[in-house]
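What follows is a single structure, written as structure tokens, with notes after it.
Side chains included, hydrogens not; waters and symmetry mates left out as well; all remaining heavy atoms used. Each chain gets a letter, A, B and so on, in the order the sequences are listed, and its residues count up from 1.
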There are 2 protein chains.
Amino acid sequence: MTKPRKTKSVPKPRMSPAHRERLIVEGAIAFFAEVGLEGQTRELAKRLGITQPLLYRYFPSKDDLLERVYEEVYLKRWKPEWEALIADRSLSIGERFRRFEKDYQRTIMTYDWLRIFFSAGLKGTDLPGRYLSRVRDLIFTPVLGEMRREFGLPSPAQLPLCAQEYELMFGIHGALVYVGIRRFIYNLDVPTDQNLVFDTEMDAFLAGVGPVMRRLVAEQQAVQRARKRKS
Amino acid sequence: MTKPRKTKSVPKPRMSPAHRERLIVEGAIAFFAEVGLEGQTRELAKRLGITQPLLYRYFPSKDDLLERVYEEVYLKRWKPEWEALIADRSLSIGERFRRFEKDYQRTIMTYDWLRIFFSAGLKGTDLPGRYLSRVRDLIFTPVLGEMRREFGLPSPAQLPLCAQEYELMFGIHGALVYVGIRRFIYNLDVPTDQNLVFDTEMDAFLAGVGPVMRRLVAEQQAVQRARKRKS
DNA sequence: CCGCTCATTTATCAAACTATAAATTAGAGC
DNA sequence: GCTCTAATTTATAGTTTGATAAATGAGCGG
């Protein structure tokens, strides 16, 4: 048992604005992830051990604080090295994609990342849209191009990537994210060995993607030829 | 332009409790799906064209109304015929599973179903957990059993289904649900031809699942043999 | 150790929240 | 038509919300 302190004895260290701001942002990430974006500023302040009006000295409004949270969680955690990895032809595209998804999933599969992402989506924010556009343009598009190459199929320049091919990418991506959804959104137990789950999913995907892409390309080419014949 | 009505001329049909209750429940489903479960009873009443206290004549509290919404959307939309379909050996298990997922996804891939499901999950409700347990026990378990059979692998009675095999099922399931997530939670455009997307995903899954299950079973058997040798 | 800056708190507002009690009135049964 | 049940509204209590203004006091520079 600790010695009883004098009343009101809690030490109140005065902080530099920079330090206090960091504490608020980090506290806000944990707080809004847990209770949702409708969480109340009073409750957040209580958890931070400060008063609620102090929040408004650092952020003009609750929405501004939320913007800052998005920036911190989604923009700052994006790794430019991912794009380089995809382009590295010293590995097979299957292996490159496997390594990318492994690190990517490790990055996003957190309580904070997933719960705030879904809360923002439900709220109607354009955050998920902007974020997934980036994934599609910077990752999926080059991956599909490399797969076309490795399977001996026409390059995207010769035969544009079709929606179905993108859906294949979103499919495996979604299958992997779904593990995190079950864990952090649905509060379910998922197998402890995430790597094993990951590899199993990825094996099944890589085993199936080649034949399906071949078929899709063949269908596209048939459409093209039919069109040419007509004109 | 319509003729100006007399003031207060809006006709106020008095409804039977049963009818009014239906209107409230259906309005509540649409309302909470759109604005989230924190949506306010006043706003809901306004949309229904009734006053807010009237809601409390039909439901003792907001939480009771929400419970009713869950029941209506999740329990009432479950189709017992799904379980029969899976058991029907006049079709290959691949075809049975394809047909199940096609109808299942058509059932759940709605604005209401998905958005309320995720809101409830974020809120901490056990709804997603209970619901997915049902899917696992009534669908995934028999499907995996049938697949073992069709691939000439040991039955689940001989060699229990392992977590990895369940993850394969959750994987394809998640890949398909992810289409709905992108559409209704993230507010993104997804390809208009849902059936084509669906078939592409399912083709890739069915092409890959056989080999992977064989490998998983072989690994399990190796573990079993090693254990037997030890004892 | 004095004074001033500014980090932080107290006090408070106006609006919006769930929920309840009492007053109203539509409409079925006679 | 009269009456009475109950569907519905008005009025309102009691909290809680995001946000602001004014008061306080910690701690640095001198």
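- The interatomic distance linking B:Ile50 (CD1) with C:dT25 (P) rounds to 19 Å, in whole Å.
- Judged by distance alone, with hydrogens and angles left aside, the side-chain atoms of A:Arg96 form a donor-acceptor pair with the main-chain N or O of A:Leu91 at under 3.5 Å.
- Judged as a salt bridge (charged side-chain N to carboxylate O under 4.0 Å, His left out), and not counting sequence neighbours, the contacts of B:Arg68 are B:Glu21, B:Glu72.
- The stretch residues 53-65 of chain A touches DNA chain D through A:Pro53, A:Tyr56, A:Ser61, A:Lys62, each having a heavy atom within less than 4.0 Å of the strand.
- The environment of B:Asp137 atom CG is dense: over 12 non-hydrogen atoms of other residues, nucleotides or ligands sit within 6.0 angstrom.
- Judged by distance alone, with hydrogens and angles left aside, the side-chain atoms of B:Thr125 form no donor-acceptor pair with the main-chain N or O of B:Gly121 at under 3.5 Å.
- Scanning residues 17-26 of chain A for heavy-atom distances under 4.0 Å to DNA chain C yields A:Pro17, A:Arg20.
- The NZ-C1' distance, from B:Lys46 to D:dT9, rounds to 16 Å in whole Å.
- For A:Arg14 and C:dT5, the CZ to P distance is 14 Å, given to the nearest whole Å.
- A donor and an acceptor atom, one from each side chain of B:Thr141 and B:Tyr166, are located under 3.5 Å apart.
- Side-chain proximity of A:Thr51 to D:dT10, C:dT9, D:dA6: nearest is C:dT9.
- Between the side chain of B:Arg183 and the backbone N or O of B:Asp189 there is no donor-acceptor pair closer than 3.5 Å.
- The pair A:Glu38-A:Lys123 does not meet the salt-bridge criterion, since no charged nitrogen lies less than 4.0 angstrom from a carboxylate oxygen.
- In this structure, CD of B:Gln52 is placed 12 Å from C1' of D:dT10, rounded to the nearest angstrom.
- The side chain of A:Thr41 places an N or O atom within less than 4.0 Å of a non-bridging phosphate oxygen (OP1 or OP2) of D:dG18.
- A salt bridge links B:Asp199 with B:Arg98: the distance from a Lys NZ or Arg NE/NH1/NH2 to an Asp or Glu carboxylate oxygen falls below 4.0 Å.
- In this structure, A:Leu48 places its CG atom 11 Å from P of C:dT8, rounding to the nearest Å.
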